[in-house]
> 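The structure's right below; bear with me while I get my questions together.
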Amino acid sequence: MNLQQVHHVDDAITSRHSVRAFLNKAVEPQIIKDILTVASRAPSGTNTQPWKVYVVTGKKRDEMVERVCKAQIELANRPELTSQYQETFAYYPETWISPFIERRRENGWGLYGLLNIQKGDKEKMARQQLRNFQLFDAPVALYFTVNKVMGIGAKMDIAMMIQNVMIAAKARGLDTCPQAAWNHFHRIVLDVLNAPEDEELVCAIALGYADPNDIINTFITPRLAVEEFTVFLNE
Ligand SMILES: Cc1cc2nc3c(=O)[nH]c(=O)nc-3n(C[C@H](O)[C@H](O)[C@H](O)COP(=O)(O)O)c2cc1C
(Lines give C-alpha, C1' and ligand atoms only; values in the text may rest on other atoms or scores of the structure.)
Protein backbone atom coordinates (compact mmCIF):
# COMPACT_ATOMS: atom_id res chain seq x y z
CA MET A 1 0.00 0.00 0.00
CA ASN A 2 1.50 3.37 -0.93
CA LEU A 3 1.41 6.46 1.30
CA GLN A 4 -1.59 7.94 -0.52
CA GLN A 5 -3.57 4.74 0.00
CA VAL A 6 -2.59 4.75 3.67
CA HIS A 7 -4.00 8.28 3.95
CA HIS A 8 -7.24 7.22 2.27
CA VAL A 9 -7.70 4.40 4.75
CA ASP A 10 -6.81 6.62 7.71
CA ASP A 11 -9.17 9.34 6.47
CA ALA A 12 -12.06 6.91 6.16
CA ILE A 13 -11.45 5.73 9.73
CA THR A 14 -10.81 9.08 11.37
CA SER A 15 -13.58 10.98 9.55
CA ARG A 16 -16.24 8.51 10.67
CA HIS A 17 -18.33 9.79 13.49
CA SER A 18 -21.84 9.11 14.66
CA VAL A 19 -24.26 11.15 12.56
CA ARG A 20 -27.61 11.95 14.13
CA ALA A 21 -29.34 13.90 11.38
CA PHE A 22 -29.75 12.54 7.87
CA LEU A 23 -31.07 13.96 4.61
CA ASN A 24 -34.22 12.64 3.02
CA LYS A 25 -32.16 11.12 0.20
CA ALA A 26 -32.39 7.47 -0.79
CA VAL A 27 -29.33 5.25 -0.94
CA GLU A 28 -28.86 3.19 -4.09
CA PRO A 29 -29.42 -0.51 -3.25
CA GLN A 30 -26.26 -1.41 -5.19
CA ILE A 31 -24.20 0.87 -2.89
CA ILE A 32 -25.58 -0.94 0.16
CA LYS A 33 -24.75 -4.27 -1.45
CA ASP A 34 -21.21 -3.09 -2.22
CA ILE A 35 -20.73 -1.92 1.37
CA LEU A 36 -21.90 -5.27 2.72
CA THR A 37 -19.71 -7.19 0.26
CA VAL A 38 -16.62 -5.26 1.37
CA ALA A 39 -17.59 -5.39 5.05
CA SER A 40 -18.06 -9.15 4.94
CA ARG A 41 -14.27 -9.46 4.65
CA ALA A 42 -14.34 -8.92 8.44
CA PRO A 43 -12.59 -11.70 10.34
CA SER A 44 -14.56 -14.10 12.48
CA GLY A 45 -13.56 -16.93 14.76
CA THR A 46 -12.84 -19.99 12.57
CA ASN A 47 -14.55 -18.05 9.74
CA THR A 48 -18.00 -18.74 11.16
CA GLN A 49 -19.30 -15.41 9.70
CA PRO A 50 -22.03 -15.37 12.32
CA TRP A 51 -23.65 -12.12 11.15
CA LYS A 52 -27.03 -11.80 9.54
CA VAL A 53 -28.01 -8.38 8.26
CA TYR A 54 -31.48 -7.02 7.54
CA VAL A 55 -31.52 -3.98 5.25
CA VAL A 56 -34.73 -2.12 5.99
CA THR A 57 -35.96 0.67 3.73
CA GLY A 58 -39.23 2.08 2.38
CA LYS A 59 -42.53 0.98 3.90
CA LYS A 60 -40.87 -1.62 6.12
CA ARG A 61 -38.61 1.07 7.56
CA ASP A 62 -41.63 3.27 8.24
CA GLU A 63 -43.47 0.40 9.92
CA MET A 64 -40.43 -0.28 12.14
CA VAL A 65 -40.11 3.39 13.11
CA GLU A 66 -43.84 3.68 13.82
CA ARG A 67 -44.06 0.58 16.01
CA VAL A 68 -40.93 1.21 18.04
CA CYS A 69 -41.61 4.94 18.49
CA LYS A 70 -45.06 4.03 19.80
CA ALA A 71 -43.49 1.61 22.31
CA GLN A 72 -40.84 4.14 23.35
CA ILE A 73 -43.46 6.84 23.95
CA GLU A 74 -45.54 4.41 26.01
CA LEU A 75 -42.44 3.42 27.99
CA ALA A 76 -41.50 7.05 28.64
CA ASN A 77 -44.99 7.67 30.03
CA ARG A 78 -45.16 4.43 32.00
CA PRO A 79 -41.73 3.59 33.50
CA GLU A 80 -43.28 0.55 35.21
CA LEU A 81 -43.14 -1.14 31.78
CA THR A 82 -39.31 -1.08 31.83
CA SER A 83 -39.07 -4.80 32.67
CA GLN A 84 -40.90 -5.58 29.41
CA TYR A 85 -38.17 -3.87 27.41
CA GLN A 86 -35.00 -5.52 28.67
CA GLU A 87 -32.11 -6.10 26.29
CA THR A 88 -31.19 -9.73 25.67
CA PHE A 89 -27.58 -9.02 26.64
CA ALA A 90 -26.25 -6.25 28.84
CA TYR A 91 -24.35 -3.79 26.69
CA TYR A 92 -23.56 -1.52 29.62
CA PRO A 93 -22.55 -2.38 33.19
CA GLU A 94 -25.20 -2.43 35.89
CA THR A 95 -22.99 -0.29 38.11
CA TRP A 96 -20.84 2.35 36.50
CA ILE A 97 -17.35 3.11 37.77
CA SER A 98 -14.75 5.78 37.07
CA PRO A 99 -13.37 6.68 34.51
CA PHE A 100 -16.14 5.29 32.28
CA ILE A 101 -18.98 7.08 34.02
CA GLU A 102 -17.25 10.45 33.56
CA ARG A 103 -16.66 9.79 29.87
CA ARG A 104 -20.27 8.70 29.45
CA ARG A 105 -21.51 11.86 31.16
CA GLU A 106 -19.19 14.07 29.16
CA ASN A 107 -20.56 12.49 25.99
CA GLY A 108 -24.20 12.87 27.00
CA TRP A 109 -23.94 16.43 28.24
CA GLY A 110 -21.76 17.42 25.28
CA LEU A 111 -24.50 16.30 22.93
CA TYR A 112 -27.31 17.82 24.99
CA GLY A 113 -25.34 21.07 25.38
CA LEU A 114 -25.12 21.40 21.63
CA LEU A 115 -28.88 20.88 21.42
CA ASN A 116 -29.51 23.32 24.25
CA ILE A 117 -31.06 20.64 26.43
CA GLN A 118 -30.67 21.56 30.10
CA LYS A 119 -30.39 19.14 33.01
CA GLY A 120 -33.91 18.19 34.12
CA ASP A 121 -35.59 19.08 30.83
CA LYS A 122 -37.21 15.67 30.58
CA GLU A 123 -39.43 16.56 27.64
CA LYS A 124 -36.55 17.61 25.41
CA MET A 125 -34.50 14.61 26.52
CA ALA A 126 -37.36 12.24 25.69
CA ARG A 127 -37.75 13.89 22.28
CA GLN A 128 -34.03 13.43 21.59
CA GLN A 129 -34.14 9.81 22.78
CA LEU A 130 -37.04 9.23 20.39
CA ARG A 131 -34.86 10.44 17.50
CA ASN A 132 -33.01 7.12 17.84
CA PHE A 133 -36.17 5.28 16.84
CA GLN A 134 -36.85 7.68 13.99
CA LEU A 135 -33.41 6.57 12.77
CA PHE A 136 -32.44 10.25 12.92
CA ASP A 137 -34.41 10.39 9.63
CA ALA A 138 -31.99 8.00 7.88
CA PRO A 139 -33.65 6.22 4.94
CA VAL A 140 -31.87 2.93 5.69
CA ALA A 141 -31.71 0.81 8.83
CA LEU A 142 -29.41 -2.15 9.15
CA TYR A 143 -30.23 -4.67 11.86
CA PHE A 144 -27.57 -7.20 12.78
CA THR A 145 -28.71 -10.47 14.29
CA VAL A 146 -26.93 -13.58 15.44
CA ASN A 147 -28.02 -17.14 16.05
CA LYS A 148 -28.73 -17.52 19.79
CA VAL A 149 -26.54 -20.61 19.90
CA MET A 150 -23.43 -18.56 19.19
CA GLY A 151 -21.38 -17.28 22.11
CA ILE A 152 -20.03 -13.88 23.09
CA GLY A 153 -17.24 -14.28 20.50
CA ALA A 154 -19.81 -14.01 17.71
CA LYS A 155 -20.72 -10.56 19.00
CA MET A 156 -17.05 -9.60 18.66
CA ASP A 157 -17.14 -10.85 15.07
CA ILE A 158 -20.29 -8.87 14.35
CA ALA A 159 -18.77 -5.75 15.93
CA MET A 160 -15.89 -6.02 13.46
CA MET A 161 -18.35 -6.42 10.61
CA ILE A 162 -20.25 -3.36 11.85
CA GLN A 163 -17.10 -1.25 11.94
CA ASN A 164 -16.30 -2.36 8.39
CA VAL A 165 -19.79 -1.32 7.28
CA MET A 166 -19.34 2.12 8.81
CA ILE A 167 -15.91 2.65 7.22
CA ALA A 168 -16.98 1.32 3.82
CA ALA A 169 -20.02 3.62 3.99
CA LYS A 170 -17.84 6.61 4.89
CA ALA A 171 -15.55 5.89 1.92
CA ARG A 172 -18.64 6.18 -0.31
CA GLY A 173 -19.78 9.53 1.11
CA LEU A 174 -22.35 7.94 3.41
CA ASP A 175 -22.64 8.28 7.17
CA THR A 176 -23.85 6.08 9.97
CA CYS A 177 -24.89 5.90 13.59
CA PRO A 178 -24.47 2.61 15.41
CA GLN A 179 -27.49 2.15 17.65
CA ALA A 180 -27.73 -0.18 20.61
CA ALA A 181 -30.87 1.70 21.68
CA TRP A 182 -32.99 -0.60 19.52
CA ASN A 183 -31.97 -3.62 21.59
CA HIS A 184 -34.53 -2.70 24.25
CA PHE A 185 -37.21 -3.23 21.62
CA HIS A 186 -35.75 -6.45 20.20
CA ARG A 187 -39.09 -8.26 20.33
CA ILE A 188 -40.81 -5.67 18.14
CA VAL A 189 -37.77 -5.37 15.85
CA LEU A 190 -37.51 -9.13 15.30
CA ASP A 191 -41.26 -9.32 14.73
CA VAL A 192 -41.18 -6.58 12.08
CA LEU A 193 -38.16 -8.29 10.48
CA ASN A 194 -40.03 -11.59 10.55
CA ALA A 195 -36.84 -13.10 11.94
CA PRO A 196 -36.77 -16.77 12.94
CA GLU A 197 -37.05 -17.69 16.63
CA ASP A 198 -33.38 -18.64 16.91
CA GLU A 199 -32.13 -15.12 16.13
CA GLU A 200 -31.10 -12.44 18.59
CA LEU A 201 -30.71 -8.73 17.81
CA VAL A 202 -27.15 -7.47 18.31
CA CYS A 203 -27.16 -3.90 17.03
CA ALA A 204 -28.64 -1.52 14.49
CA ILE A 205 -27.04 1.05 12.22
CA ALA A 206 -28.76 4.12 10.78
CA LEU A 207 -27.34 4.69 7.28
CA GLY A 208 -27.73 7.58 4.89
CA TYR A 209 -26.42 10.96 3.76
CA ALA A 210 -25.59 13.32 6.62
CA ASP A 211 -27.41 16.62 6.89
CA PRO A 212 -24.48 19.06 6.77
CA ASN A 213 -26.59 21.89 8.19
CA ASP A 214 -27.75 20.19 11.38
CA ILE A 215 -25.75 21.29 14.41
CA ILE A 216 -25.92 17.82 15.95
CA ASN A 217 -23.57 16.55 13.26
CA THR A 218 -20.83 18.95 14.39
CA PHE A 219 -20.46 16.91 17.57
CA ILE A 220 -17.00 15.33 17.52
CA THR A 221 -16.00 13.21 20.48
CA PRO A 222 -12.54 13.22 22.08
CA ARG A 223 -10.17 10.28 22.37
CA LEU A 224 -7.45 9.45 24.85
CA ALA A 225 -3.83 9.71 23.74
CA VAL A 226 -2.21 6.37 22.87
CA GLU A 227 0.02 6.57 25.98
CA GLU A 228 -3.10 6.74 28.15
CA PHE A 229 -4.55 3.40 27.07
CA THR A 230 -1.47 1.47 25.94
CA VAL A 231 1.23 -0.38 27.80
CA PHE A 232 4.37 -0.88 25.74
CA LEU A 233 6.36 -3.85 27.00
CA ASN A 234 9.76 -4.61 25.66
CA GLU A 235 11.65 -6.80 28.11
C1 LIG B 1 -22.32 -0.51 19.79
C2 LIG B 1 -22.66 0.95 19.83
C3 LIG B 1 -23.95 1.35 20.13
C4 LIG B 1 -24.30 2.69 20.11
N5 LIG B 1 -25.60 3.05 20.33
C6 LIG B 1 -25.97 4.34 20.15
C7 LIG B 1 -27.33 4.69 20.23
O8 LIG B 1 -28.21 3.87 20.47
N9 LIG B 1 -27.67 5.98 20.00
C10 LIG B 1 -26.73 6.94 19.69
O11 LIG B 1 -27.11 8.09 19.49
N12 LIG B 1 -25.42 6.63 19.63
C13 LIG B 1 -25.02 5.36 19.83
N14 LIG B 1 -23.70 5.01 19.72
C15 LIG B 1 -22.72 6.03 19.33
C16 LIG B 1 -21.75 6.41 20.44
O17 LIG B 1 -22.36 7.32 21.31
C18 LIG B 1 -20.51 7.02 19.78
O19 LIG B 1 -19.89 6.03 19.00
C20 LIG B 1 -19.49 7.57 20.77
O21 LIG B 1 -20.01 8.64 21.50
C22 LIG B 1 -18.23 8.04 20.02
O23 LIG B 1 -18.57 9.03 19.08
P24 LIG B 1 -18.34 8.85 17.52
O25 LIG B 1 -19.04 7.61 17.05
O26 LIG B 1 -18.96 10.11 16.92
O27 LIG B 1 -16.86 8.78 17.27
C28 LIG B 1 -23.32 3.67 19.81
C29 LIG B 1 -22.00 3.25 19.56
C30 LIG B 1 -21.68 1.92 19.57
C31 LIG B 1 -20.26 1.51 19.27
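The model shown is predicted, which means the values in this text are computed figures rather than measured ones. Read the numbers this way: they start at 1 and go in the same order the structure lists the ligands and their atoms. Values reported hereafter were calculated over all heavy atoms of this structure, with side chains retained and with hydrogens, waters and symmetry mates removed.
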> Would S44 and Q49 count as having a side-chain donor-acceptor pair, cut-off 3.5 Å?
no

> Which residue and atom name correspond to the protein heavy atom nearest atom 31 (C) of ligand 1, and how close is it?
Y91 OH, 3.7 Å

> How far is atom 23 (O) of ligand 1 from its nearest protein heavy atom, and which residue and atom name does that atom have?
T221 OG1, 3.1 Å

> Whether the Q134 and R131 side chains hold a donor-acceptor pair (N or O, under 3.5 Å, no angle test) is what I'd like checked.
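Yes, R131 and Q134 have a side-chain donor paired with an acceptor closer than 3.5 Å.
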
> Between E199 and Y143, does any side-chain donor sit less than 3.5 Å from a side-chain acceptor?
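No, no side-chain donor-acceptor pair sits under 3.5 Å.
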
> With no hydrogens and no angle check, just 3.5 Å: does a side-chain donor-acceptor pair link T14 and R16?
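Per modelled atom types, T14 and R16 side chains form no pair under 3.5 Å.
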
> Nearest 0.5 Å please: distance from the CE atom of M166 over to the CD1 atom of I162.
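Spacing of CE (M166) from CD1 (I162) equals 7.0 Å.
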
> Taking N or O atoms only and a 3.5 Å limit, does A181 qualify as a polar contact for ligand 1?
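Yes - when backbone and side-chain N and O of A181 are compared with those of ligand 1, one distance drops under 3.5 Å.
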
> Contact between R131 and ligand 1, counting heavy atoms under 4.0 Å?
no

> Quick one: which ligand 1 atoms are inside 4.0 Å of a heavy atom on N107?
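Reading through ligand 1 atom by atom, the close ones are 17 (O), 21 (O).
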
> Which option out of R20, R104, K155 puts a heavy atom nearest to atom 11 (O) of ligand 1?
R20

> Side-chain heavy atoms under 4.5 angstrom apart, residues restricted to Ile, Leu, Val, Met, Phe, Trp, Tyr: same cluster for L111 and I117?
yes

> Given G110, P178, A206, identify the one with the heavy atom nearest to atom 6 (C) of ligand 1.
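Result: the heavy atom closest to atom 6 (C) of ligand 1 is in P178.
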
> Any idea which atoms of ligand 1 are less than 4.0 Å away from a heavy-atom of Q179?
5 (N), 6 (C), 7 (C), 8 (O)

> Taking 4.0 angstrom as the limit and counting only heavy atoms of H17, give me the atoms of ligand 1 inside it, by number and element.
26 (O)

> Which class fits the ring pair W96 and Y92: parallel under 30°, tilted 30 to 60°, perpendicular over 60°?
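Aromatic pair W96/Y92 classed tilted.
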
> Geometry only, no angles: is C177 polar-contacting ligand 1 at N/O separations under 3.5 Å?
no

> Nearest to atom 19 (O) of ligand 1, what protein heavy atom do you find, and at what distance?
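Going by distance alone, atom 19 (O) of ligand 1 is nearest to S18 OG, 3.4 Å.
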
> Above 12 or not: heavy atoms from other molecules or residues under 6.0 Å from CZ of R105?
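For R105, atom CZ is not crowded (no more than 12 foreign heavy atoms under 6.0 Å).
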
> Decide if the gap between the ring center of F185 and the ring center of Y85 is smaller than 6.0 angstrom.
yes

> Can you check whether R223 has an N/O within less than 3.5 Å of an N/O in ligand 1?
yes

> Taking only non-hydrogen atoms of F136, do any sit less than 4.0 angstrom from ligand 1?
yes

> Could you find the nearest protein heavy atom to atom 5 (N) of ligand 1 and give me its residue, atom name and distance?
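Result for atom 5 (N) of ligand 1: A180 N, 2.8 Å.
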
> Give the atom numbers and elements of ligand 1 that come within less than 4.0 Å of a heavy atom of N132.
7 (C), 8 (O), 9 (N), 10 (C), 11 (O)

> I'd like to know if K59 pairs up with E63 as an ion pair, taking the criterion as any Lys NZ or Arg NE/NH1/NH2 lying under 4.0 Å from an Asp or Glu carboxylate oxygen.
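Looking at K59 and E63, the cut-off is not met.
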
